[in-house]
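Working notes for the structure below.
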Number of protein chains: 2
Amino acid sequence: MAISSASTTHVASTAEEEAYAYLQQALRFGRYKPGDRLIPEEIATEIGMSRMPVREAFRRLAADGLVTLRPNRGCVVAGLTLDELNETFEIRSVLEGLAVRIVMPRLTLESFEDLDRLLLRMERAGEAGSSDWVLRHQEFHAYLYGMSGRPKLIRQIAALHVAIEPYMRIWFDYIDKPLSAREEHQNLIDALKSGDSAKAERVMQEHVLFTAPLLADFASPSRR
Amino acid sequence: MAISSASTTHVASTAEEEAYAYLQQALRFGRYKPGDRLIPEEIATEIGMSRMPVREAFRRLAADGLVTLRPNRGCVVAGLTLDELNETFEIRSVLEGLAVRIVMPRLTLESFEDLDRLLLRMERAGEAGSSDWVLRHQEFHAYLYGMSGRPKLIRQIAALHVAIEPYMRIWFDYIDKPLSAREEHQNLIDALKSGDSAKAERVMQEHVLFTAPLLADFASPSRR
DNA sequence: GTTTGGATAAGTGGATACAAAAATCCAGCG
DNA sequence: CGCTGGATTTTTGTATCCACTTATCCAAAC
């Protein structure tokens with residue numbers, strides 16, 4: 001089979017890439033809290049470079065929606081308010097629905113074996129803790145969308161997953177073990193197997209929207 | 001009424017913003033051709049600043065998908081291949097469909113008057129040339145989506161519009177006057193008036209996908 | 001006539017320096 | 001006791017400089 005690891009370990013050929021990778025990782029794992037101010041100087045010395053590449057990494061993170069950049073007042077970690085969280089799930093639902101619709105006719109028997117395996121991995125990771133489970137969950141979805149052959153779509157979806165990742169972690173830690181997750185994803189696989197792409201799209205949309213209200217309690221307070 | 005101008009004229013409080021605005025404008029209007037290399041030094045002197053803010057503007061443009069940034073080999077204008085153009089329209093169709101679904105229950109009689117006015121403006125601009133028409137067309141769509149109250153969705157859609165803008169221009173110049181455009185948009189308004197949000201969503205999806213094949217001839221050659 | 005290699009030029013990435021802006025602190029005032 | 005305003009400190013934005021990578025050009029070899 002051909003399940004590549006979904007973990008985003010990039011070899012940094014430039015300092016900027018290193019800074020970006022470092023900060024993205026830190027943000028994804030919730031090492032900084034929303035509203036925290038990121039001071040270029042500090043981070044630069046932390047990873048042994050000057051402020052410049054860090055600044056440029058900030059811009060990329062801002063484009064991903066992970067931080068907010070305001071002229072002359074630096075870089076703050078961008079938590080999602082309840083509205084933004086909901087909006088993100090709305091967007092995810094249509095994008096991932098589209099991905100499923102596209103991917104459907106491309107799925108082979110082998111793909112389904114892969115998906116089963118990934119689902120199994122996800123379940124097992126569920127017992128370990130949020131850190132593993134969230135990654136495996138992303139891996140499952142990433143594999144599916146990867147088959148679509150739509151690079152832009154894939155990147156957009158991945159970016160949204162990264163943005164909500166900290167909230168997924170908190171959520172998972174809080175509820176301990178999402179019993180419904182297994183069933184949810186099995187449903188999805190069944191819909192894919194049915195061959196009815198309209199149905200699969202709908203099921204995926206519902207699957208995505210299913211999670212949103214569960215995370216509501218962990219949203220950041222609205223700003224300003 | 002409350003139709004704000006859709007033109008993206010930003011007051012640049014920093015040099016970086018100025019560089020970004022300048023370059024985005026230039027790229028949107030097709031002043032550079034896909035594949036062209038953008039040299040920080042040149043642009044910097046062109047608008048009277050050093051390379052640094054220009055470099056940072058590059059990153060933002062890259063996030064918008066307007067340029068491509070490769071380590072140690074600079075910044076090139078990122079034309080869309082046929083596949084990418086199609087993909088962009090696919091994504092647009094679901095995002096703008098979603099926007100319409102959300103916006104539907106918020107539309108008032110006044111909104112419809114505004115939309116009629118905007119449609120009229122668009123038609124009149126059609127006689128002037130692609131430059132005006134494309135802006136008015138964006139204005140029409142922007143107004144509609146603006147009512148959704150979904151900032152992220154609005155930004156994403158706007159970004160996609162910007163990315164395809166040069167192609168819309170070329171297309172419009174080529175065919176001179178899109179007779180079907182009026183009918184298309186009137187259709188859309190009718191669907192919105194019907195109050196059936198599922199229908200409106202579908203009509204919007206079709207409206208977006210309708211344009212894609214028309215632009216196919218103007219796609220950039222695939223790279224590499 | 002085309003290919004190869006290497007000198008030279010051009011360009012990029014990053015560090016440092018400096019000016020301008022914002023945040024902080026503190027004293028005096030109400 | 002809180003507020004105001006100004007000096008001080010911190011941080012940001014930009015310019016400049018240097019090291020290193022990549023591109024260009026030209027001559028010699030096949």
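In what follows, chains are A, B, ... by sequence order, proteins preceding strands, each numbered from 1.
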Whichever of B/E42 and A/A15 has its nearest DNA chain C nucleotide further upstream toward 5': B/E42
Distance in angstrom units between B/R51 CZ and C/dG11 P, rounded: 10 Å
Rounded distance in Å - CZ (B/R59) to C1' (C/dG14): 11 Å
Whole-Å gap separating C1' (C/dA10) and CD (B/E41): 10 Å
Separation of C/dG14 P from B/N72 CG (nearest whole Å): 8 Å
A/R73 vs D/dT10: side-chain N/O to OP1/OP2 distance below 4.0 Å: no
Integer-rounded Å distance: D/dT12 P and A/E56 CD: 15 Å
Interatomic distance, A/R70 CZ vs D/dG13 C1' [rounded to whole Å]: 16 Å
Interatomic distance, B/I170 atom CD1 to B/D217 atom CG [nearest 0.5 angstrom]: 11.0 Å
Side-chain donor or acceptor of B/E56 paired with backbone N/O of A/E56 under 3.5 Å: no
Phosphate OP1/OP2 of C/dT12 contacted by B/R55 side-chain N/O (<4.0 Å): no
Cation-aromatic face contact A/R169/A/F29, 6.0 Å, 45 degrees: yes
Distance, rounded to the nearest Å, where B/R37 contributes CZ and D/dT22 contributes P: 11 Å
Atom-pair distance (CD1 on A/I39; P on C/dA21), nearest Å: 21 Å
A/T45 side-chain N/O to A/E41 backbone N/O, donor-acceptor pair under 3.5 Å: yes
Residue A/P40, side-chain atoms from C-beta onward, closest of C/dT12, D/dA15, D/dT12: D/dT12
Residue whose closest nucleotide on DNA chain D lies nearer the 5' end, A/G74 versus A/M52: A/G74
